Amino acid sequence: MPSQSPPPAPPVLPISEHEDEIVAAVDAHPVVVVIGETGSGKSTQLSQILHRRGYTRRGPIAVTQPRRVAAVSVSRRVAQELGVPLGDEVGYAIRFEDRTSERTCIKYLTDGVLLRESLSNPELKQYSVIILDEAHERSLNTDILLGLMKRLIKDRASDLKVLITSATLDGLKVSKFFSGCPVLNIPGTLFPVEKFYSTERPTNYIESSLRTAIDIHAKEPPGDVLIFMTGKDDIDKMVSKLEERIQNLEEGSCMDALVLPLHGSLPPELQVRVFAPAPPNCRRFIVATNVAETSLTVDGVVFVIDCGYVKQRQYNPSSGMYSLDVVQISRVQADQRAGRAGRTRPGKCYRLYPMSIYEKEFLEATVPEIQRSSLAGSVLYLKSLNLPDINILKFDFLDPPSRESLEDALRQLYLIDAIDENGHITDVGRIMAELPLEPSLSRTLIEANELGCLSQALSVAAILSAEITLRSTRSKDVGGKRKRHELPDGSGWGDHVQLLQIFESWDQTGYDPKWCSDHDLQVRGMKLSKDVRNQLCQIIQKIAKGPTDVHARKSRKNDPDYRKLRRALCVGYGNQLAERMLHHNGYHTVGYRAQLVQVHPSSVLEADEYGKFPMYVVYHELISTTRPYMRNICAVDQAWVEPILKKLEKLDVNRLSGGSSAPKDSEPLEDKQVNAPKKAVDVKQSEVDSKIQAARERYLARKGKK
DNA sequence: GAGCACTGC
């Protein structure tokens, strides 16, 4: 938008009428909670109001957003309203992109970026005001920032102002958290939405949605229909069935219809179709996942069909395992979905569940992410802040994660040397915290730098954090006419090596997008991995004292078996180690609580000539679907495993958590048993292992010659 | 022999 164009007329938003009230509250209190529904203007106006009233004289205002697109679009809007070029007085900062300057006094940023900034400036002294927007979404990062803000206002009580803004957040709860701070309510501009409930839960919610959709199409006036489903499969089914039913309707009995799927894995060019307005005399049916609940706003929606379910990823700290489950939505979520029908005019929401279920079975609010995630990264971050008298187990969270989850994080961090046996952050841990990666990958990079395979590890870390999904290399092409190119196979060592080979092959083509599509790799994801890699290079070159070799290239010549890289991975994933069963190819995880797990069928890890997988592997994650699986696996040598087993023997979670270091005798017996690591490797097993290993080496040598 | 909701540094 050219800055010369006249600024648009300032919108009349509900928040404008509350300006004095807001300023008075902020003047008098360090923390203020602002509850504002959709359309209240809180995201664009609060910062401008405080800017107008002189708050930016002491420093810029930071406004956090949970999503990148929001940070960009809201800042663009504010710059426009103020009639200034974006990046001057008003700017934004997101990963890979900083559009701010010394003159910037209103800065929109993702909450992740603010957390990163606080690493180098724990008191965030540069800011006069920090606004945590959309706090009701309770992202992991927002929750950590909430805890941090509580500490900051104690330390900086004299000058820092904090505003917590949200659509539906329980204001009283947050106010209580911030020792009774004021709560302001700003009305929104949503139109009323009439809600209809089913008399009972349908046995088949696709069929039920289908009937409701056809019913709306036949009886209701124009207006688009938004249908919430749990996943891609259901969406695809729904789209084809709906199209079929609409075709079967009597010609001329209804207006035209257009059915559009909408979910995150849809290529961007198909996603944007939902932003184009409906053709004349045509009703659109948008069949969507949760993306349509908050991330993407579809205009023209008047009817919502809500199945009452959502697919959610959860972490179980006692097993270290993730699962992806279909769970009931919360009342907040149900209301958010319904609200999507009332953006342009009064709407209707059809809930495919009885009111009694909404009232009695649904949780009030969605379980916050902090209670559903592995906390190793967050705990490491908090440790690295050097906050005085910090006890992780007692850190003041709005909704504290379980003790089990925090202890799990401490154990993981200890096993990869980020904290010492007393729970204090180590020098290695400090470097790890600087890297925007999961702790295991950060640790791998540091070790790789020592071992002289940094460039390989950078490629692996980058491509793993971009979460590229690979076409299965084992499945045969079924009569496809298009020539498909085979992906590298990891040389039998597993998925990390395969990912490295993929990145290096792509690098050799000069990052040719066609190479990606030829190999069925998403261009978007591959580009992201390149950006991530560049960012990691910059950070690590800044931290590293000595020279670093970061250039990607075909790297196999010097180390044909990728021993250095696999060794670095073994150290980095010291908390994610598994040992094979003696007589079959199942594994058990090594560590706190042994889990029986399988190699994921998509893995390229190869068995030896006897059909046996390697004795030891490290894995990127455990995921429980039809069975518990290890995903992204790398074969490691037994010799490299010994130090990890030694550490496991020494592990004492009471000391890690900074609890009273009671003498060992007084510890409850129960705890000791739980903490006792599995006995290392018995003699027979190691004999078998060395035989297998020898056979494997011969086999691979043969294969190499061929 | 599986199958993946959504974000973010």
Side-chain angles (χ1 to χ4, degrees), chain A residues 64-71 93-98 109-120 134 137-145 228-236 262-266 271 288-296 307 309-314 322-327 329 333 336 366 368-370 372-373 377-378 380-381 384 432-439 441-442 461-462 465-476 522 525 528 531-532 534-536 538-539 585 598-605 621 623-631:
Chain A
T64 69
Q65 295 291 325
R67 277 171 293 281
R68 296 160 55 90
V69 275
I94 58 178
R95 188 181 194 178
F96 308 129
E97 209 183 346
D98 184 348
L109 70 181
T110 48
D111 43 22
V113 168
L114 187 63
L115 281 178
R116 290 267 140 216
E117 288 186 352
S118 76
L119 277 176
S120 49
E134 314 289 2
E137 290 190 22
R138 301 297 304 278
S139 76
L140 178 56
N141 286 340
T142 302
D143 268 22
I144 290 174
L145 282 171
F228 284 101
M229 306 253 115
T230 59
K232 181 182 176 301
D233 283 359
D234 287 355
I235 288 174
D236 291 346
L262 178 62
H263 51 83
S265 43
L266 213 60
Q271 270 189 25
T289 61
N290 245 19
V291 269
E293 198 177 288
T294 46
S295 308
L296 295 177
C307 68
Y309 292 105
V310 66
K311 210 175 270 185
Q312 221 172 45
R313 191 175 150 99
Q314 346 242 7
Y322 281 97
S323 60
L324 200 60
D325 309 317
V326 174
V327 299
I329 57 172
Q333 255 180 309
Q336 172 73 23
T366 311
E369 201 185 346
I370 199 167
R372 293 187 279 119
S373 315
S378 303
L380 178 61
Y381 161 82
S384 74
M432 286 167 63
E434 295 279 329
L435 293 161
L437 288 171
E438 297 154 57
L441 290 175
S442 309
S465 36
E467 290 178 353
I468 311 276
T469 41
L470 305 181
R471 165 177 61 89
S472 171
T473 46
R474 284 174 186 174
S475 70
K476 292 279 165 281
Q522 312 134 2
L528 174 64
D531 288 342
V532 171
N534 282 338
Q535 188 192 25
L536 293 174
Q538 282 170 16
I539 296 172
N585 270 337
Q598 306 284 324
V599 173
H600 197 277
S602 68
S603 177
V604 294
L605 183 73
E621 71 172 0
I623 175 101
S624 175
T625 50
T626 51
R627 287 182 189 178
Y629 286 114
M630 299 180 282
R631 219 161 38 176

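FYI, side chains are in, hydrogens and waters are out, and symmetry mates aren't considered; it's all heavy atoms of this structure. A, B, ... follow the sequence lines: proteins, then strands. Residue 1 opens every chain. The model shown is predicted, which means the values in this text are computed figures rather than measured ones.
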**Prompt:** Reckon A:H263 has a side-chain N or O less than 4.0 Å from the OP1 or OP2 of B:dC4?
**Reply:** no
**Prompt:** What pairs with A:Y629 under ring pair (Phe, Tyr, Trp, His ring centres under 6.0 Å), at least two apart in sequence or on another chain?
**Reply:** A:H600
**Message:** Measure CD/A:Q312 against C1'/B:dC4 and give the value in whole Å, please.
**Reply:** 15 Å
**Asked** Do A:N141 and A:S139 have a side chain donor and acceptor closer than 3.5 Å?
**Response** no
**Complete:** In whole angstroms, the gap separating C1' of B:dC9 from CD of A:E97 amounts to 15 Å
**Prompt:** Between B:dG3 and A:S602, is there an OP1 or OP2 to side-chain N/O distance shorter than 4.0 Å?
**Reply:** no
**Request:** Write down the distance between CG (A:L380) and P (B:dC9), rounded to a whole number of angstrom.
**Result:** 18 Å
**Item:** 5'-to-3' dot-bracket of DNA chain B (Watson-Crick, G-U; under 3.5 angstrom; crossing pairs as [ ]; | other strand)
**Value:** .........
**Asked** At under 4.0 Å between heavy atoms, what does A:T294 touch on the DNA or RNA strands: base, sugar-phosphate, or nothing?
**Response** nothing
**Request:** From the options B:dC4, B:dA2, B:dC9, select the nucleotide whose nearest atom is closest to the side chain of A:I94.
**Result:** B:dC9
**Message:** It should be established whether A:T625 places a side-chain nitrogen or oxygen under 4.0 Å from OP1 or OP2 of nucleotide B:dC4.
**Reply:** no
**Request:** Just compare B:dC9, B:dT7, B:dA5 and give me whichever is closest to any side-chain atom of A:K232.
**Result:** B:dA5
**Message:** I'd like to check the side chain to side chain donor-acceptor pair (under 3.5 Å) partners of A:R631; sequence neighbours left out, ordered by chain and number.
**Reply:** A:E621
**Message:** Taking salt bridge (Lys or Arg N to Asp or Glu O under 4.0 Å) as the definition, give me every residue that meets it alongside A:D236, ordered by chain and number, with sequence neighbours left out.
**Reply:** A:K232
**Prompt:** Mapping A:P66 and A:G231 to their closest nucleotides on DNA chain B, which lands nearer the 5' end?
**Reply:** A:G231
**Asked** Checking all strands, does A:R313 fall into the base, sugar-phosphate, or nothing category for heavy-atom contacts under 4.0 angstrom?
**Response** base
**Minimum-distance nucleotide to A:E467 side chain [options: B:dG3, B:dA5, B:dT7]** = B:dT7
**Request:** Determine whether the side chains of A:Q314 and A:S323 contain a donor N or O and an acceptor N or O closer than 3.5 Å.
**Result:** no
**Message:** Over all strands shown, is A:R631 touching base, sugar-phosphate only, or nothing at heavy-atom distances under 4.0 angstrom?
**Reply:** base
**Prompt:** When you check the phosphate oxygens OP1 and OP2 of B:dC6, does a side-chain N or O of A:T289 lie under 4.0 Å from one of them?
**Reply:** yes
**Item:** Nearest listed nucleotide, side chain of A:Y629, among B:dA2, B:dC4, B:dT7
**Value:** B:dA2
**Prompt:** Between atom CG in A:L262 and atom C1' in B:dC6, what is the gap in whole Å?
**Reply:** 12 Å
**Prompt:** For A:Q336 and A:T294, does a side-chain donor sit closer than 3.5 Å to a side-chain acceptor?
**Reply:** no
**Complete:** From the candidates B:dT7, B:dA2, B:dC4, the one with an atom nearest any side-chain atom of A:V291 is B:dT7
**Request:** Could you state the atom-to-atom distance from CG of A:L266 to P of B:dC4 in whole Å?
**Result:** 17 Å
**Asked** In whole Å, what is the span from the NE2 atom of A:H600 to the P atom of B:dA2?
**Response** 8 Å
**Request:** Using only side-chain N and O atoms of A:R68, determine if any of them is under 4.0 Å from OP1 or OP2 of B:dC9.
**Result:** yes
**Asked** From B:dG1, B:dC4, B:dC9, pick the nucleotide closest to the side chain of A:T469?
**Response** B:dC4
**Request:** Quick one: list whatever passes salt bridge (Lys or Arg N to Asp or Glu O under 4.0 Å) with A:E369, sequence neighbours left out.
**Result:** none
**Request:** Check the distance between B:dG8's P and A:E369's CD and give it to me in whole angstrom.
**Result:** 11 Å
**Prompt:** To the nearest angstrom, how far is A:E134 atom CD from B:dG8 atom P?
**Reply:** 13 Å
**Asked** Residues in salt bridge (Lys or Arg N to Asp or Glu O under 4.0 Å) with A:E293, at least two apart?
**Response** A:R337
